> 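The structure under discussion is supplied below as structure tokens; questions concerning it will follow.
This is a predicted model, so every value here is computed, not measured. Numbers restart at 1 for each chain; the letters A, B, ... are given by sequence-line order, proteins then strands.
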There are 2 protein chains.
Amino acid sequence: MDGMTRGTGRGETETAILEATYRALCEYGYAQLSVQHIAENFEKSKSAIYYHYDSKDDVLLSLLDFVVETFFEDLEAETGTDPVENLRLLVDRLVPASLVEEDLDLHTVMFELRSEALTKPVYRTKFTEVDRTVCQIVESYVRTAIDSGVVTGVDPEQTARRIQQHALSAQTARLTTEDDWAVETARDAAFELLDVPQD
Amino acid sequence: MDGMTRGTGRGETETAILEATYRALCEYGYAQLSVQHIAENFEKSKSAIYYHYDSKDDVLLSLLDFVVETFFEDLEAETGTDPVENLRLLVDRLVPASLVEEDLDLHTVMFELRSEALTKPVYRTKFTEVDRTVCQIVESYVRTAIDSGVVTGVDPEQTARRIQQHALSAQTARLTTEDDWAVETARDAAFELLDVPQD
DNA sequence: GTCTATAGAAAGATAGAC
DNA sequence: GTCTATCTTTCTATAGAC
């Protein structure tokens, strides 16, 4: 039994293909990505990819699910007992001041796939769900903080939506411009909404 | 002399090619775009495109300039005399509640090109400049409103940056999800920053 | 399941006539 | 400047051996 693939309906080879696609997508971007590029990041041959997936589109749709799973696993990892601290950590993960390479790659792949939502309804539906789920997670954390009495005077739903939006704009700016003040601006705004200091 | 091309260094045919590329980009998206698709939206042949441009990349880089010019022309159009009203109109153009098809296409093309900034430094540099310029424009409008005494208690630079970020997140959400509350959230937040009612 | 080899289509780009 | 025709490369996907 492979720990990485348990319960996802993906075997080891499928996972290896998706990881190769992930790396190739970081390197080339969606527009320049070919099955050959995927194969170069994969220990087996190009044909093996077609044995496990019907088409290039099929691989990329599976990658979408794979990446979204990873994103939410990272987002909800290690929760403590202090509601305000948990909220702070959540916002910090949603709008990180800086990214280690691993997280930068995840954001890059997410954004590359998101950009396909402009022309492909399946992608659009998926990212609608992603953004809704982010809002729901933030909202639940805000509600817990309110119930504990430490955070007051905020509307959980509106606050969650605004934080999600700040995360989205920070991500877009970080990945598509050279300026990093956008991330700081978004972080400041997000923490201001909660009347919670950043550290 | 053609009014549309004056001072841009583009002839009629170059402009027609860029307009065709614009339409093809809306229809197919950057990843699926081919020179053939451009030619299908163009009255002349594929070879004519190569006579006027060195390569597909060359066409798309020219489109980038073309689209950015159009964006800023639209943004700074028709200024009135009331500083607060001008500011309201500016924010309304940056974060429109809804888009007519023409503006939706412009935003779509801008976003398709922006997504290339992840892998292409030239695009990244351009969008860095775009976002900076948007901030500068908003900042100048805010300063004018402050000088007139109607808007008070805001830092022009920070406010401008936040408004630009709200515009970016609204655009991303509008183009990549099915939910439209994101746009309302961004608009509300932007107008709140100025303590100016939306209408 | 994985390989090599290749079919078949589409891509970017050019040649040469007009 | 624009055309048709074509070159060359690259792409997606498959065939058939192992």
> Starting at CZ of B:Phe42 and ending at C1' of D:dG1, how long is that distance when rounded to a whole Å?
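Value for this atom pair: 10 Å.
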> Salt bridge (charged side-chain N to carboxylate O under 4.0 Å, His left out): which pairs involve residues 25-37 of chain B, sequence neighbours left out?
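Pairs touching residues 25-37 of chain B that pass the test: none.
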> Would you mind listing every salt bridge (charged side-chain N to carboxylate O under 4.0 Å, His left out) that reaches into residues 146-160 of chain B, with sequence neighbours excluded?
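Of all non-adjacent pairs touching residues 146-160 of chain B, those that pass salt bridge (charged side-chain N to carboxylate O under 4.0 Å, His left out) are B:Glu157-B:Arg161.
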> How close or far is atom C1' of C:dG12 from atom NE2 of B:His52, stated in whole angstroms?
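It is 18 Å, rounded to the nearest whole Å.
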> Does anything in residues 47-61 of chain A form a side chain to side chain donor-acceptor pair (under 3.5 Å)? List the pairs, not counting sequence neighbours.
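Of all non-adjacent pairs touching residues 47-61 of chain A, those that pass side chain to side chain donor-acceptor pair (under 3.5 Å) are A:Glu14-A:His52.
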> Quick one: B:Leu60 CG to C:dG12 C1', roughly how many Å, whole number?
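Distance check: B:Leu60 CG to C:dG12 C1' gives 13 Å.
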> What string of B, S and - do you get for nucleotides 6-18 of chain D, 5' to 3', when a contact is any protein heavy atom under 4.0 Å?
-----SBBBB---
> Can you give me every donor-acceptor pair (side chain of residues 125-132 of chain B, partner residue at least two apart or in another chain, under 3.5 Å) with its distance?
residue: B:Thr125; atom: OG1; partner: A:Glu178; partner atom: OE2; Å: 2.9
residue: B:Thr125; atom: OG1; partner: B:Pro121; partner atom: O; Å: 3.0
residue: B:Lys126; atom: NZ; partner: B:Asp65; partner atom: OD1; Å: 2.8
residue: B:Thr128; atom: OG1; partner: A:Glu178; partner atom: N; Å: 2.8
residue: B:Thr128; atom: OG1; partner: B:Arg124; partner atom: O; Å: 2.7
residue: B:Asp131; atom: OD1; partner: B:Arg114; partner atom: NH2; Å: 2.7
residue: B:Asp131; atom: OD1; partner: B:Gln164; partner atom: NE2; Å: 3.4
residue: B:Asp131; atom: OD2; partner: B:Arg114; partner atom: NH1; Å: 3.2
residue: B:Arg132; atom: NE; partner: A:Asp179; partner atom: OD1; Å: 3.4
residue: B:Arg132; atom: NE; partner: A:Asp179; partner atom: OD2; Å: 2.8
residue: B:Arg132; atom: NH2; partner: A:Asp179; partner atom: OD1; Å: 2.7

> Pairs under 3.5 angstrom only: tabulate donor-acceptor contacts from the side chains of residues 95-113 of chain B to other protein residues two or more places apart or in another chain.
residue: B:His107; atom: ND1; partner: B:Asp103; partner atom: O; Å: 2.9
residue: B:Thr108; atom: OG1; partner: B:Leu104; partner atom: O; Å: 2.7
residue: B:Glu112; atom: OE1; partner: B:Tyr30; partner atom: N; Å: 3.1

